[in-house]
Asks: 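Handing you a structure now.
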Amino acid sequence: MSPEVLDTPVAGTAKAPDRAQSRARAARRRKLLVNSARVVLLVAVLGLWEALSRAKVIDPFNFSMPSKIWDQIATWMMHGTALGSLGEQVWYTLYEALLGWLVGVVAGVLLGIALGRIGLLAEVLGPYIKVLNSIPRIVLAPIFLIWFGLGPSSKVASAVVLVFFPVFFNAFQGAREVDRNLVANARVLGASDRRVTLQVVVPSATSWIFTSLHVSFGFALIGAIVGEYIGATKGIGLLVAQSQNTFNAAGVYAAMVILAVVALAAEGLLTFAERRIFRWKPAGSDS
């Protein structure tokens with residue numbers, strides 16, 4: 001074989017890095033474009049809102065304006081609220097939501113996988129779960145307030161019932177959708193029911209469960225806020241109620257902005273955890 005043939009690069013080996021770099025540059029450009037568009041859209045909406053309020057096209061008393069909302073947040077941060085420091089109110093609501101979320105997630109995952117694996121249990125409990133799921137769960141908040149009082153227990157209970165059902169149905173469906181060949185192979189290798197559940201079913205259902213976690217934390221915040229709005233001693237929901245009672249529209253919107261920041265931070269943490277756990281998945285598999 002001639003030296004010229006040996007020196008000839010294999011077709012495609014030099015192009016592969018170029019294609020990878022091109023895709024990376026395209027991804028960075030798209031990310032920059034998307035983030036820029038988001039910022040421009042937000043600035044445009046806030047600017048239009050501020051301009052229409054100052055021009056009295058929309059009623060600034062009812063709709064407030066971004067500058068007043070920012071002033072309200074700054075006042076709460078520097079001087080606190082009538083209920084105490086702003087950090088204390090945020091932590092109180094976050095504590096209720098987190099505790100309710102954890103209890104609801106654990107209960108939903110355990111019961112969902114159990115019913116997904118045990119057909120008889122699913123047949124017995126299925127009708128009762130459907131009936132409970134058909135009840136508007138927000139209306140349970142006043143009942144929990146009567147049962148557990150103004151403390152955090154009633155808010156945690158409201159968060160639990162909102163979180164439980166989406167997690168349960170996703171865990172149940174994930175357990176039902178496990179590849180039967182994997183289960184059969186595990187049994188052929190001598191795996192017990194417990195090993196099959198822990199080493200085959202649960203890992204296979206993890207993607208389904210994580211999908212519900214993104215939605216369920218928002219539900220936990222809703223449960224805590226609604227409970228605080230109806231009756232509480234502190235929390236962001238009580239700030240909303242007090243702002244509404246004093247016709248402070250800026251206070252209502254300011255509390256909503258704070259809640260949005262908390263929810264976005266929680267979503268970011270969940271996304272980070274999901275990417276760490278599912279590092280083996282291809283980059284485009286989420287789409």
Side-chain angles (χ1 to χ4, degrees), residues 62 72-73 76 80-112 125 127-171 212-267 270:
N62 292 324
Q72 181 68 79
I73 295 175
W76 282 346
T81 70
L83 306 173
S85 68
L86 179 61
E88 183 182 7
Q89 311 313 309
V90 172
W91 168 245
Y92 196 77
T93 299
L94 192 58
Y95 163 76
E96 296 165 344
L98 277 172
L99 186 56
W101 181 71
L102 289 173
V103 174
V105 166
V106 171
V109 169
L110 292 179
L111 194 60
L125 297 181
Y128 297 103
I129 291 177
K130 290 179 181 178
V131 170
L132 292 174
N133 186 45
S134 66
I135 298 175
R137 289 177 286 282
I138 289 296
V139 303
L140 296 176
I143 298 176
F144 293 144
L145 187 64
I146 295 172
W147 288 354
F148 304 116
L150 294 175
S153 298
S154 56
K155 289 71 181 174
V156 171
S158 298
V160 168
V161 296
L162 285 174
V163 169
F164 171 80
F165 287 98
V167 176
F168 165 79
F169 285 116
N170 272 41
S212 66
L213 297 187
H214 290 278
V215 179
S216 61
F217 187 77
F219 287 161
L221 277 176
I222 292 172
I225 292 299
V226 170
E228 291 172 351
Y229 184 85
I230 295 174
T233 57
K234 60 181 69 176
I236 299 297
L238 185 56
L239 278 181
V240 173
Q242 288 188 341
S243 298
Q244 181 185 9
N245 292 335
T246 57
F247 299 99
N248 180 11
V252 175
Y253 288 118
M256 293 170 60
V257 170
I258 294 169
L259 284 173
V261 171
V262 172
L264 287 174
E267 173 69 16
L270 283 172

Asks: Between CG of N133 and CZ of F169, what distance do you get to the nearest 0.5 Å?
Replies: 4.0 Å

Asks: Do side-chain atoms of N245 reach the backbone of A241 as a donor and acceptor pair under 3.5 angstrom?
Replies: yes

Asks: What residue pairs, at least two apart or across chains, pass side-chain hydrogen bond (donor to acceptor under 3.5 Å, both in side chains) with a residue in residues 219-230?
Replies: T93-E228, Y229-Q244

Asks: Working to the nearest 0.5 angstrom, can you tell me the gap between Y92 OH and T233 OG1?
Replies: 4.0 Å

Asks: For Q72 and N248, does a side-chain donor sit closer than 3.5 Å to a side-chain acceptor?
Replies: yes

Asks: If you measure from NZ on K130 to CD1 on I135, what distance do you get to the nearest 0.5 Å?
Replies: 15.0 Å

Asks: What's the separation between atom CD1 in I225 and atom CD1 in I236, rounded to the nearest 0.5 Å?
Replies: 6.5 Å

Asks: Once rounded to the nearest 0.5 Å, what's the spacing between atom CG of L94 and atom CG of L99?
Replies: 11.0 Å

Asks: Quick one, V261 and L264 - any side-chain contact, counting heavy atoms below 4.5 Å?
Replies: no

Asks: Enter the distance from L239:CG to K234:NZ here, rounded to the nearest 0.5 Å.
Replies: 11.5 Å

Asks: Taking C-beta and beyond as the side chain, do W101 and L221 meet within less than 4.5 Å on heavy atoms?
Replies: no

Asks: Work out which heavy atom in A171 is nearest to a heavy atom in G108; give both atom names and the distance.
Replies: CB-O, 4.0 Å

Asks: Shortest non-hydrogen contact from G251 to W76?
Replies: O-CH2, 3.4 Å

Asks: Identify each donor-acceptor pair in which a side-chain atom of residues 141-168 lies under 3.5 Å from a protein atom, sequence neighbours left out, and give them as a table.
Replies:
unit_1	atom_1	unit_2	atom_2	d
S154	OG	G149	O	3.0
S154	OG	G151	O	3.2
K155	NZ	L150	O	2.8
K155	NZ	G151	O	3.2
K155	NZ	G231	O	2.6
S158	OG	S154	O	3.1

